[in-house]
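Heads up, the thing below is written out as structure tokens.
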Amino acid sequence: DEYNKPEVITEVPGPETKKLLKETDAIQNTRAVSLFCDFEKSKINYLVDADGNKLLDCFQQISSLPLGYNHPAILERSIQSAAIMANRPALGSFPSKDFPRLIKNSLLRASPSGLDQVVTMACGSCANENAYKSLFFWYMRNQRGEELPVMGDEAFISCMKNQPPGSPELSILSFDGGFHGRTLGALSTTHSKPIHKLDVPAFDWPTAPFPKLKYPLEEHERENAEEEARCLAVVEDLIEQWKDTRPVAGMVIEPIQAEGGDNHASDDFFRKLRNIATKNKIGFICDEVQTGMAITGRMWAHDYWGLETPPDIVTFAKKMLSGGYYFSDEFRWKDGYRVYNTWMGEPIKLVLLEKVLDVVKEQDLVFQAENTGHYVVNGLRQLEKMFPELLSAIRGRGMFIAADITEAGKRETFVKKLLQKGVLLGVCGDHSIRLRPSLFFTPAHADILLDKVEETAREM
Ligand SMILES: Cc1ncc(COP(=O)(O)O)c(CNc2csc(C(=O)O)c2)c1O
């Protein structure tokens, strides 16, 4: 059982959070801290903060909890796993005897169609970093015909000095508005906010425009199709232009650009994009770190695209509880240390994921995400009609939902007021609010959210 309505007993953030903030700020930067949480008292959709405020959490940390807080099955499985918790293995070299079974019964149960290999990593950035490396290995092997240069080749010397041919002049094409992580390679393909990138050297790699769709979609079909065609043409031009300087080895894209502002594109756009990669023999990486694990109404958001050829690599993290990426045989390497690090993630998270997948299956939560998502979008569309000057561009797939609050400064006020009413949601891009509820979010929770949105809209 869980709580059935928000209860706010102090200003949010409250005095206890403020006290803890001060204490923590003496140790590290706390500017990104929203609240201090009481992880004992929080339950499923309700986050209890350090001041005892019970908040309907429609964002779930950073879209990174699949079943919300303290689901009984997860708690129980955690308690049963003392040994695996107490002894963190160097997974790449000393996996537990249970590892093959565990991988089969967790990650491989969720593997995207066509990809039957998987490797685990610490986080989304780490997953993307290693996916990019694997993609460069794949591109160079296709170029030379052999996985590695012959012994004695100058590549073995030049790579030690970060020089070609050992450190090849290759690139990964990414998209304006994309977010793939904060580590150096992932950051060079991230283009959502300057503050992420300022003062950090970047690879000189090509960036293509991502379609800017006009809403409501049904009223702008021709314009949006033209916008998507324009973007695809730029992608093809960039691949051509970069052929002689720093050839594009692959491209990386999110099914819905999340940090960039919940930017959508049609399934047709993505099918055509995948075909451009195939035609040019470059790798296609689908970054499902934020869109993955059922929240869009499919296990993977790219399941909607109906691809003939699967992505070459699908990266994941957040609600999958572990980072990592799925791939095909083509992306396996003879040398076991080419994609490697000490921990390679953390198997206890796979133990929890096993349980998450059991619950998702038993309770058909993928369908629930699609169903509840429609309910929320319809509710927000009604509110958009009632408050057209406040809400616009209602959009979503499953419960991966966003709306624009275009008037400058209004978004922050709106989100703050909603929080004070006990509803926590996220923001993205310059003027969007976004929902990333748990898979246990139902129409009953949606009614609470929609009532509080209406109440807040009336006060704006
Ligand atoms: C599509 C996509 N790809 C990769 C990442 C990076 O994952 P982490 O390294 O944060 O686990 C993310 C992480 N998302 C994210 C949301 S706020 C944030 C931040 O660093 O401010 C990061 C993502 O949304």
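Indexing begins at 1, ligand by ligand and atom by atom, following the structure's order.
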* Asked: In the protein, which heavy atom is nearest to atom 13 (C) of ligand 1, and how far is it?
  ->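 The answer is Lys318 CE, 3.4 Å.
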* Identity and distance of the protein heavy atom lying nearest atom 2 (C) of ligand 1 ->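 Of the protein heavy atoms, Phe179 O, 3.3 Å lies nearest.
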If the cut-off is 4.0 Å to any non-hydrogen atom of [X], which atoms of ligand 1 fall inside it?
{"X": "Glu254", "value": "1 (C)"}
{"X": "Ile62", "value": "16 (C), 17 (S)"}
{"X": "Val289", "value": "2 (C), 3 (N), 4 (C), 5 (C), 7 (O), 12 (C), 23 (C)"}
{"X": "Arg182", "value": "19 (C), 20 (O), 21 (O)"}
{"X": "Gly124", "value": "6 (C), 7 (O), 8 (P), 9 (O), 11 (O)"}

* For atom 17 (S) of ligand 1, decide whether some protein heavy-atom distance is shorter than 4.0 Å. =>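 Protein heavy atoms within 4.0 Å of atom 17 (S) of ligand 1 - there is at least one.
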Looking only at the side chains, is there a donor atom on one of [X] and [Y] sitting less than 3.5 Å from an acceptor on the other?
{"X": "Asn45", "Y": "Ser438", "result": "yes"}
{"X": "Asp57", "Y": "Tyr69", "result": "yes"}
{"X": "Ser134", "Y": "Trp333", "result": "yes"}

* Structural part of Asn128 in contact with ligand 1, heavy atom criterion under 4.0 angstrom ->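 For Asn128, only side-chain atoms sit under 4.0 Å from ligand 1.
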* Which bit of Ser125 gets closer than 4.0 Å to ligand 1, counting heavy atoms only: side chain, backbone, both or neither? ->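 It is both backbone and side chain that touch ligand 1.
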* **Contact (N/O only, under 3.5 Å) between Asp287 and ligand 1** =>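 Looking only at distances, the answer is yes, because the N/O contact criterion of under 3.5 Å is met.
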* Asked: Does any N or O atom in Gln290 lie less than 3.5 angstrom from one in ligand 1, N or O only?
  ->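 So ligand 1 has an N or O lying under 3.5 Å from an N or O of Gln290.
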* Does the pair Trp138 and Phe327 meet the rule for a ring-ring contact (aromatic ring centres under 6.0 Å, His included), with working shown? -> CA-CA 11 Å; Trp138 170 83; Phe327 55 101; over 10 Å; no
Contacts under 3.5 angstrom, residues 407-415 side chains, donor-acceptor by atom type, not counting sequence neighbours:
from: Arg411; atom 1: NH1; to: Cys428; atom 2: O; distance (Å): 3.0
from: Arg411; atom 1: NH1; to: Gly429; atom 2: O; distance (Å): 3.2
from: Arg411; atom 1: NH1; to: Ser432; atom 2: O; distance (Å): 2.9
from: Arg411; atom 1: NH2; to: Gly429; atom 2: O; distance (Å): 3.4
from: Arg411; atom 1: NH2; to: Asp430; atom 2: O; distance (Å): 3.4
from: Thr413; atom 1: OG1; to: Gly409; atom 2: O; distance (Å): 3.1

* To do: Could you pull out all residues at least two apart from Arg246 that satisfy side-chain contact (heavy atoms from CB on, under 4.5 Å)?
  =>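 With neighbours one apart ignored, the set is Glu169, Ser171, Asp204, Trp205, Trp242.
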* Asked: Should we say atom CZ of Phe99 is surrounded by more than 12 heavy atoms from elsewhere, each under 6.0 Å from it?
  ->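 Yes - once you tally the heavy atoms of other residues, nucleotides and ligands closer than 6.0 Å, there are more than 12.
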* Asked: Are Phe440 and His71 an aromatic pair by the rule of ring centers under 6.0 Å?
  ->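 Yes, the ring of Phe440 comes within the 6.0 Å limit of the ring of His71, centre to centre.
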